[in-house]
Number of protein chains: 2
Amino acid sequence: MEMLTIGKLAKRADVNIETIRYYERRGLIPEPHRRDSGYREYSDETIKRILFIKHAKDLGFSLKEINELLSLKLDPGTSCSEVRQKAEMKLEDIEGKIKNLRKMKKALMELTKVCSGSGPVSECPILEALEK
Amino acid sequence: MEMLTIGKLAKRADVNIETIRYYERRGLIPEPHRRDSGYREYSDETIKRILFIKHAKDLGFSLKEINELLSLKLDPGTSCSEVRQKAEMKLEDIEGKIKNLRKMKKALMELTKVCSGSGPVSECPILEALEK
DNA sequence: CTTGACCCTGTACTTAGGTGCAGGGTTTAT
DNA sequence: ATAAACCCTGCACCTAAGTACAGGGTCAAG
């Protein structure tokens with residue numbers, strides 16, 4: 001198995017080099033083996049790890065949560081239901097955000113509805129509504 | 001019209017004192033009159049201004065955007081349609097966020113669906129899916 | 001007239017997720 | 001052999017929207 005320098009890894013996983021070092025500091029990526037020169041050396045495993053992080057991020061997980069997910073993943077004592085529970089919690093989280101955004105949307109739509117779009121700002125019903 | 005100290009204003013508008021000074025630094029609140037001692041003195045107008053900011057924040061506007069909204073509000077040359085346009089832009093912004101969250105939700109639901117919830121993590125389909 | 005509550009400025013810190021750079025050392029290609 | 005490209009550490013910086021002091025001055029009540 002050929003080893004990757006951090007630059008190669010960054011290209012393969014499509015992330016910034018600094019981001020890899022940042023993930024290492026955050027404990028999301030294990031400390032890699034080092035050459036005598038101090039250069040980091042990675043195996044292909046690390047690409048998967050970074051993809052895991054990216055995908056989890058896309059699903060709305062924070063790096064902190066991803067860390068927890070990785071701990072579950074690496075602990076053989078973990079049951080799959082624990083992972084499932086995390087996913088369900090995130091689902092609720094996302095639903096809460098959607099609900100909140102829908103409330104904003106509704107309020108904004110009501111405001112734009114009462115605004116004719118003509119007339120001076122001094123009589124703008126949107127601005128008036130925001131003040132009281 | 002009685003004048004308010006910053007502490008009174010903070011209570012009336014239900015914000016932190018530091019937040020008021022922060023808004024002043026950001027230009028969201030005009031620099032108030034000062035007593036000889038240097039103490040800030042506010043009129044009731046400022047309560048309305050802070051409420052405006054809070055309400056706009058609740059609708060999803062950033063402080064930067066609120067600043068723009070306030071500029072429109074204070075410029076007599078502004079037409080109401082410009083305000084309306086800002087509201088519509090924010091509406092699109094919010095809709096985009098909702099759409100994105102719904103995508104996450106869908107992906108998460110699909111993942112939890114394939115997970116029986118039993119079995120070891122080593123065979124967890126959720127974790128597996130995140131890796132590839 | 002003193003004590004506690006209030007206010008001032010200026011600065012640093014917070015969360016999240018990075019990015020950028022200075023000042024070095026190492027590898028690789030020519 | 002040398003230049004370009006790469007890597008190292010450690011630190012500072014970024015956005016957003018504040019919060020938290022420290023070290024001082026002021027105000028109001030008893």
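Residue numbers begin at 1 in each chain, while the letters A, B, ... track the order of the sequences.
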Considering just the side-chain nitrogens and oxygens of [X], establish if one lies under 4.0 Å of OP1 or OP2 belonging to [N].
| X | N | result |
| --- | --- | --- |
| B:Ser37 | C:dC8 | no |
| B:Thr19 | D:dT19 | yes |
| B:Lys11 | C:dC6 | no |
| B:Lys57 | D:dG18 | yes |
| A:Arg40 | D:dT9 | yes |
| B:Thr5 | C:dC7 | yes |

For [Y], is there an ion pair with [X] - N to carboxylate O distance below 4.0 angstrom?
| X | Y | result |
| --- | --- | --- |
| A:Lys99 | A:Glu95 | no |
| A:Arg84 | A:Glu88 | yes |
| B:Lys8 | B:Glu41 | no |

Strand-adjacent residues in residues 21-36 of chain A, judged by heavy atoms under 4.0 Å from DNA chain D: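 Only A:Arg21, A:Arg34 qualify.
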
Find the distance [X]:[atom1] to [N]:[atom2] and express it as a whole number of Å.
| X | N | atom1 | atom2 | value |
| --- | --- | --- | --- | --- |
| A:Glu65 | C:dT15 | CD | P | 16 Å |
| B:Ile66 | D:dA16 | CD1 | P | 12 Å |
| A:Asn16 | C:dG20 | CG | C1' | 9 Å |
| A:Ile20 | C:dT19 | CD1 | P | 11 Å |
| B:Ile17 | C:dG10 | CD1 | P | 18 Å |
| A:Lys8 | C:dT27 | NZ | C1' | 10 Å |
| A:Glu68 | C:dA16 | CD | P | 12 Å |
| A:Lys54 | C:dG18 | NZ | C1' | 14 Å |

Look at the side chain of B:Glu18 and decide which nucleotide, out of D:dC27, D:dT19, C:dG18, has an atom nearest to it.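 Given the options D:dC27, D:dT19, C:dG18, the side chain of B:Glu18 is closest to D:dT19.
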
Do the side chain of A:Tyr39 and the base of D:dC6 come within less than 3.5 angstrom through a donor-acceptor pair of N or O atoms?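 Indeed, a donor on one side and an acceptor on the other fall under 3.5 Å apart.
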
Within the structure provided, determine whether A:Ile20 and A:Asn16 are in side-chain contact (heavy-atom separation under 4.5 Å).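 The answer is no; the side chains never approach within 4.5 Å.
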
Side-chain contact, heavy-atom cut-off 4.5 Å: A:Asp75 with A:Thr78?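 A side-chain contact under 4.5 Å exists here.
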
Can you tell which of A:Glu24, A:Glu18, A:Arg25, A:Arg26 makes a side chain to side chain donor-acceptor pair (under 3.5 Å) with A:Tyr22?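 That would be A:Arg26.
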
Under 3.5 Å, sequence neighbours excluded: what are the donor-acceptor pairs made by side chains of residues 122-129 of chain A?
none

Along DNA chain D (nearest heavy atom to each residue), the more 5'-positioned of B:Phe61 and A:Ile6: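 Upstream on the strand: A:Ile6.
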
